[in-house]
Amino acid sequence: MSDPAKSNPPESNKPMFALVDVNNFYVSCERAFEPRLQNVPMVVLSNNDGCAVARSQEVKDLGIKMGQPWFKMKDLAKQHGIIAYSSNYALYGDMSNRATAVLRQFCPDIEVYSIDESFLQMQGVAQLYGGHTSMGQGIRQRVLQWTGLPVCVGFAPTKTLAKFANHLAKKNPAFAGVCDLASFDVSTLHTWMAQYDVTEVWGVGRRIGERLRTLGVNTVLDLAKIEPKILRTQFGVVLERTAHELRGTSCLAMEDVIPDKQQIMSSRSFGTPVQTLYELTESVSWHVAAAGEKLRRQRSFSGAIYVFIQTNRFREDQKQYNAGLVMSLPEPTNDTLELSKHALRVLKRLYKPDFIYKKCGIMLLDLSEELHQQASFMVSSIDPRSAQKMQALDAINERFGRGMIRSAACGTSKRWAMRSEARSPRYTTQWDELPVAK
DNA sequence: TCTGGGGTCCTAGGACCC
DNA sequence: TCTGGGGTCCTAGGACCC
């Protein structure tokens with residue numbers, strides 16, 4: 001017998017991607033630990049229990065849209081017995097890692113695209129599993145068995161098509177959760193493409209969708225067929241690339257290494273409205289601490305900090321004030337206390353009494369790598385013990401929970417803290433919240 | 001009463017330089 | 001009086017993603 005790779009060189013050299021995506025991810029995480037939630041209409045709410053960020057199929061069937069405010073659907077919820085959970089990011093993050101670990105067993109070349117989606121670069125791997133479809137089924141089965149999470153898999157020669165394949169797998173029960181576009185002939189592919197709105201394409205949102213419609217581009221197929229050069233002049237390189245991808249030419253490669261973040265943000269709406277500088281100070285200090293942790297985790301330094309405060313834009317009966325300011329730091333730092341000092345100085349300049357605030361936050365900007373930090377020849381104002389201090393702080397907070405050690409400015413009242421009234425236990429990351437078998 | 005929190009990339013346009 | 005043109009860098013804002 002001849003080597004299959006050799007007898008078939010053009011096939012195995014062509015790029016081939018799989019997109020694996022967990023169905024209704026947050027909802028599925030909750031269901032994995034509470035079987036009684038199966039087949040029950042349920043949503044998971046955003047921070048502050050604001051709006052629905054994950055919906056079970058039953059809820060989608062009721063016509064409830066992504067991002068719909070919870071308070072607006074309470075009547076419907078009562079009527080249909082919709083259960084709402086607060087979001088539990090400790091649980092979702094951990095479950096995501098577990099699912100990713102299973103995928104890695106199938107294919108080492110993996111790009112974790114988001115908390116619930118990964119691209120796999122196949123390069124002939126599927127042959128080991130008897131082809132795309134059976135590999136896809138194998139993935140579904142093992143992820144479900146090992147993590148309790150249901151996934152769908154889409155295969156195609158480009159990332160954009162793999163996203164579309166995944167979408168088909170999700171929407172059409174006939175695919176049984178796995179759709180291999182590479183096995184479709186052109187007319188079959190086009191028949192499917194003609195059935196879906198152009199905004200289903202990865203990279204085409206509401207706005208671009210509207211503009212495309214004026215050009216007579218309504219379906220996925222229309223976008224695949226239009227001359228890409230036209231898109232280039234009217235929309236730019238990104239959409240041109242998307243069109244090429246829909247035609248089967250791979251333009252987007254795997255991004256295997258996770259690049260360091262170029263900006264780090266921490267912000268949140270308040271659980272209850274805030275008026276005093278004192279409370280804003282607490283909250284901003286809290287955000288600086290959270291962002292500082294992320295900054296040090298990727299071993300970066302920040303050269304500038306942005307602070308903003310906002311009133312509630314939905315309250316037409318209240319005076320509105322949105323303000324933000326960037327401040328360059330005298331030298332890059334990763335020290336939470338140093339960052340706080342500057343952030344609070346900015347906050348004082350922004351603050352105006354007589355407004356009712358709804359949200360505040362900070363962003364760390366001008367990030368640079370640790371390696372590039374050089375001790376200044378000039379006298380540095382940075383405390384030489386800063387690095388050790390931050391290391392100790394991170395270690396303690398890692399072990400005992402965020403905020404165990406914090407600057408005094410973070411305060412103790414936290415009247416502004418976000419609402420999270422129906423959070424499930426952190427089953428997989430806290431010893432005292434482990435699920436109990438009865 | 002109650003309306004999320006992150007990120008990225010691209011482009012247009014202004015400032016500035018020669 | 002004549003009112004160029006090309007290049008770079010930066011920023012703000014818009015669009016997208018999950």
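Chain A is the first sequence line, chain B the second, and so forth, proteins listed ahead of strands; every chain is numbered from 1.
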Considering all heavy atoms, the nearest A/Asn88-A/Arg423 contact
CB-CG, 3.8 Å
On DNA chain B, check which nucleotide each of A/Asp260 and A/Phe235 is closest to and give me the residue with the more 5' one.
A/Asp260
Bending between helix ends of the helix from B/dG5-C/dC18 to B/dC18-C/dG5 [5 pairs per end, 10° resolution]
10°
Give one of base, sugar-phosphate or nothing for A/Tyr113, where a contact means two heavy atoms less than 4.0 Å apart.
sugar-phosphate
Sugar-phosphate, base or nothing in reach of A/Leu45, heavy atoms under 4.0 Å:
nothing
Residues A/Gln123 and A/Lys14: closest non-hydrogen pair is OE1-O, 4.2 Å
Sorted by position of nearest nucleotide on DNA chain B, 5' first, the leading residue of A/Arg232 and A/Arg419 is A/Arg419
Flag if over 12 foreign heavy atoms under 6.0 Å of CD, A/Glu433:
yes
By the 4.0 Å heavy-atom rule, please label A/Ser266 as base, sugar-phosphate, or nothing.
sugar-phosphate
Remember a base hit wins even if backbone is also touched, and classify A/Gln263 as base, sugar-phosphate or nothing at under 4.0 Å, heavy atoms.
base
Which part of the nucleic acid, if any, lies within contact of A/Val201, taking any heavy atom under 4.0 Å across all strands shown: a base, the sugar-phosphate backbone alone, or nothing?
sugar-phosphate
Determine the contact category for A/Asp49: base if any of its heavy atoms lies under 4.0 Å from a base atom, sugar-phosphate if only primed atoms, P, OP1 or OP2 are that close, otherwise nothing.
nothing
Derivation of the ring pair (Phe, Tyr, Trp, His ring centres under 6.0 Å) call for A/Phe17 and A/Trp202
CA-CA 15 Å; A/Phe17 300 92; A/Trp202 190 34; 9.9 Å; no
Cut-off 3.5 Å, side chains only: do A/Thr199 and A/Asp197 have a donor facing an acceptor?
yes
Could you label the plane-to-plane angle of the A/Tyr89 and A/Tyr92 rings as parallel, tilted or perpendicular, counting under 30° as parallel and over 60° as perpendicular?
perpendicular
Which of parallel (below 30°), tilted (30 to 60°) and perpendicular (above 60°) describes A/Tyr113 and A/Phe119?
perpendicular
For the C1' atoms, the ones on B/dC17 and on C/dG4, what distance do you get once it is rounded to whole angstrom?
14 Å
Residue pairs involving residues 220-276 of chain A (criterion ring pair (Phe, Tyr, Trp, His ring centres under 6.0 Å); sequence neighbours excluded)
none
Heavy atoms under 4.0 Å, any strand shown: does A/Arg315 hit a base, just sugar-phosphate, or nothing?
sugar-phosphate
How are the rings of A/Tyr427 and A/Phe33 set to each other: parallel, tilted or perpendicular (split at 30° and 60°)?
parallel
Quick one: how far along DNA chain B does chain A reach, first to last nucleotide 5' to 3', anything under 4.0 Å to a heavy atom?
B/dC2 to B/dT11
